[in-house]
2 protein chains.
Amino acid sequence: MSIKDVAARSGVAFQTVSKVLNGKGSVTPATRERILAAVAELGYVPDAQARSVRTRTTATIGVITIDFSNTTIAQHVVGIEREARRHNRDVIITSVDEQGSDCERSLRILRERRVDGIIVNAPAVEDREDIAELLRTGPPTVSLHHLPGDNHTLVHSDGRASALLPVRHLLALGHRRIAMVTGWSARRISHVRHQAYVQALEEAGIDYDPALVEEGRWDVDEAYRATHRLFDRSGDITAVFAQNDQMAIGVLSALHDRGLRVPADCSVIGCDDIPIATQTIPPLTTVRVPFYEAGETAVRVLLALLAQDTSQPQTDSDQAPRDVVLPVHMVYRSSTGPVPE
Amino acid sequence: MSIKDVAARSGVAFQTVSKVLNGKGSVTPATRERILAAVAELGYVPDAQARSVRTRTTATIGVITIDFSNTTIAQHVVGIEREARRHNRDVIITSVDEQGSDCERSLRILRERRVDGIIVNAPAVEDREDIAELLRTGPPTVSLHHLPGDNHTLVHSDGRASALLPVRHLLALGHRRIAMVTGWSARRISHVRHQAYVQALEEAGIDYDPALVEEGRWDVDEAYRATHRLFDRSGDITAVFAQNDQMAIGVLSALHDRGLRVPADCSVIGCDDIPIATQTIPPLTTVRVPFYEAGETAVRVLLALLAQDTSQPQTDSDQAPRDVVLPVHMVYRSSTGPVPE
DNA sequence: CTGTTAGCGCATTCAC
DNA sequence: GTGAATGCGCTAACAG
C-alpha cells in the first residue's frame, strides 16, 4: 500500500499524489479531489521512513533518560513528549541505568534513527566527560542537568534557590538548629543545595555544623534512617530540610516514630512539590519545582537550536550555548512553624 | 556519510559493506577488516530509516499512553521500554489525554512510522468501540487494560484479587463495617474492585451497604474529602479500603485530621504498593501490583504475536487472542489491625 | 568471494 | 497542471 496504489486508483502519476499530500505545486481541484478520495478509500498512510530518507529529516526527538518511575523524572519526560507533540515531532525514548553505562548505546541508537535532536535527562552522566564529548559529535543536544564542558545547552530549575528559599523560611521562623537530609552525594544538585544551605545559614550568622547533615540518597527509606541518625546525634534539632519531598516523607515518618510532633516539636520542609505533598501528615511545606515546564522548555530550546543550525547564522554570538534557569517558589503548608521554646 | 563513503574508503563496492555490516554472505577476513576499519575511522552509523524502507520492518514498538507522571502508569512505560530494549526494539511514545481524544492521531502517527506493533496504556479508551475497531485495522496490538470486543490481546494484573485480598484481610481481622474509597467510576477497574469488595463481604455474610462507598477518582485530595463524607455519614466505620495507595494517603490524612488513630481506631488498606507506602504514617498495608512486569510481559506477548504473524500459522487456534493475568499479593505493614472493641 | 542489477516509498527537478 | 527521470541509503537476489 503505497503512493502508487493511490495514483493507480485515481488515474494519475504517483508524483502528483505526492504533490497533493504535501501541498506543493499546483493541482486541479478536480484531480485533487479524486486523489484525496482514493486516499480515504484505500486508507493510505504515508511512510514516514521513506520520506525521511529523501528529506533527510525525521521530525523526531530522541530522549536519553534514567528510570522515570518516580514523579519528578516522569514529569520531565511527559513535558518533553507533550511539547514535542505540539510541534509535530515524535519522541523516541531510550533509557540508561543509574550508572549511565548504557549511554553510548542509547546515543548510537538515536544516531541510527537520525533523530533531529536529543534531550538528555540522565544525571547519571553529568560528570562523564566521555559522554559529553560523544554528545558533541552527534545531533544538537539539550540537557536537563549539568554536563562537563561549557558548550552545552542546558535547561534546568534554579538549584540554589530550591535550597535557599526553604532554609531562609526556616530561619525566618526562628530556627537555628536546622538539619538537612541530602540527595545522593554523587549528584551535583545535592552539592548545589548543600552550598545554598550553608550560604543561607551564613546570611543569618550561623556556623555550618556537619553533624546536622546526613545523606538520604533521594530514597524514602534511607531518609527515614538518616533522620534517626541525625536525632540520635543532635537532640536539639528544631527543623529539617529534606532535599526532596520523597525524602521529606521519610523524615516525617521517622519523627513520628520518635514521638516528635510536626511542626510543634520540629519543622519539616521538602523540595519539588509532588502531588501527595498536600496530604502528608501534616501537609508539607515545600518548594515548587517546574518539572513539566523544564521538559517543555527543553523541547522549545532544542527546536530553536535546530532552526538556527539550518538558517545562516548572522554572527557567532547566535550560536552561543544557552543556560536556561527556571524559577522555583515556596509553597506554604503546615509542616513548618515557629521554633519551639 | 553513507555506506558508499565506507566502500570508497575501503576500496570495495558498497554492497559488500552492507554484507559485512549485516553478517550476511561471506567475505574475506582481509576485506572485512578493511571495511570495519573504515567504518571506525569514518564514524559511520547506518541509517535505520533507509534500512526500514527496504526490509519493511522497523524494529520499533509504538506506545499509546496517558499521562505517566504518576508512579504506577510510569512503571508500565518503563517496563515496556526496558523489555523492548532487551529485545533490540526501539520505543516511540505517543500520549493521549484523559478523555482519549487524541488516540486517532496517535494511531495515525504510529502507522506512518510503520511500527511493528503497538502497546496501549490508556484506560481512557477502554470503552471506546471506535478506537478498538481502529486498532484492529493497524499493526498487532497488546493492551494493558480492557478494550471493547473479544479479540484483543490483553495483559493486566488480577483486578478482582486486588480487592478480594485486602477486604478479606480486613474481615479476618474482625472488621464488619468496611468502607471503600473507589477510583474514578468511569474506569472498569473501579467496578471490578467494587464487585470483588461486595463478593468478599458476602462470603462473610455481610450485606452490602452503599453508604460505605465513596468515589475518590484516584486523586489524593479527593480521597481526603471522600473519607470525610464517609465518616460524617457513618460513625461506626472501623476500616477503609482505598482502591489505590495514592488515595490511601488521602484517607490517612483525613483520619488523622478527625483525630482517629490508625490502626487503633480505624484500619486502612491500599492497593498498588507504591514506594512511599513504606513510610506513610503508619506504613501502609497494601496489595502489590506488578506494573513493571505488566509492561515487560506486554512486550514479550507482542513479540510473540509478531513472530506468529510472520510464520505460517499451523491452525487457527494459534492466533487465538490471549488474556494474560498477572497475580497480585498482600503486603502486610502496620496500617491494619484488629477491630477495636 | 565479490560486484551487478534491481527496487523499497518517497520528494524534487524539469520537461511537456 | 501533469508526468518522466533521478536519486536518497539501503538490502537482496543473482551473476561473475
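This is a predicted model, so every value here is computed, not measured.
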Over all heavy atoms of both residues, which pair between [X] and [Y] is shortest? Give the atoms and the distance, please.
X	Y	answer
Thr94(A)	Ser106(A)	OG1-OG, 3.1 Å
Arg322(A)	Leu305(A)	NH2-CD1, 4.2 Å
Ala298(A)	Leu144(A)	CB-CD2, 3.9 Å
Arg187(B)	Glu126(B)	CA-OE2, 3.1 Å

For a quick check of understanding: with a heavy-atom distance under 4.0 Å over all strands, which category does Thr28(A) fall into, base, sugar-phosphate or nothing?
sugar-phosphate

Within the 4.0 Å heavy-atom criterion, would you say Val53(B) contacts the bases, only the backbone, or no part of the nucleic acid?
base

What's the CD-C1' distance between Glu112(B) and dC10(C), to the nearest Å?
13 Å

Could you state the CZ-C1' distance from Arg114(B) to dC10(C), rounded to the nearest angstrom?
11 Å

Any residue meeting side chain to side chain contact (heavy atoms under 4.5 Å, CB included) with [X], in chain and number order, not counting sequence neighbours:
X	result
Ser69(A)	Asp67(A), Gln75(B), Val78(B), Tyr292(B)
Lys4(A)	Ser2(A), Phe14(A)
Arg128(B)	Glu104(B), Val125(B), Asp130(B), Ile131(B)
Val39(B)	Val6(B), Leu21(B), Ile35(B), Tyr44(B)

More 5' along DNA chain C: Lys4(A) or Arg32(B), using each one's nearest nucleotide?
Arg32(B)

Kindly state each residue pair satisfying side chain to side chain donor-acceptor pair (under 3.5 Å) with at least one member in residues 107-120 of chain A, sequence neighbours excluded.
Thr57(A)-Asp116(A), Thr58(A)-Asp116(A), Arg108(A)-Glu112(A), Arg111(A)-Thr137(A), Arg113(A)-Thr60(B), Arg113(A)-Asp90(B)

Residues forming a side chain to side chain donor-acceptor pair (under 3.5 Å) with Ser157(A), sequence neighbours excluded
none

Using side chain to side chain donor-acceptor pair (under 3.5 Å) as the criterion, list what pairs up with Thr16(A), not counting sequence neighbours.
none

If an axis is fit to five pairs at each end of the helix from dC1(C)-dG16(D) to dC16(C)-dG1(D), what is the angle between the two, to the nearest 10°?
40°

Interface with DNA chain D, restricted to residues 41-52 of chain B and to heavy atoms under 4.0 Å
Tyr44(B), Pro46(B), Asp47(B), Ala50(B), Arg51(B)

Anything under 3.5 Å between a protein N or O and an N or O of nucleotides 12-16 of chain C, put it in a table, one pair a line.
{"from": "dT12(C)", "atom 1": "OP2", "to": "Lys24(A)", "atom 2": "NZ", "distance (Å)": "3.2"}
{"from": "dT12(C)", "atom 1": "O4'", "to": "Arg54(A)", "atom 2": "NH2", "distance (Å)": "2.9"}

Between His156(B) (side chain) and Ala294(B) (backbone), is there a donor-acceptor pair under 3.5 Å?
no

First contact, last contact: which nucleotides of DNA chain D are these for chain B, 5' to 3', heavy-atom distance under 4.0 Å?
dC8(D) to dA12(D)

Counting just side-chain N and O atoms, does Arg56(B) come under 4.0 Å of either OP1 or OP2 of dG9(C)?
yes

Please collect all salt bridge (charged side-chain N to carboxylate O under 4.0 Å, His left out) contacts where either partner lies in residues 19-37 of chain B, sequence neighbours excluded, each pair once.
none

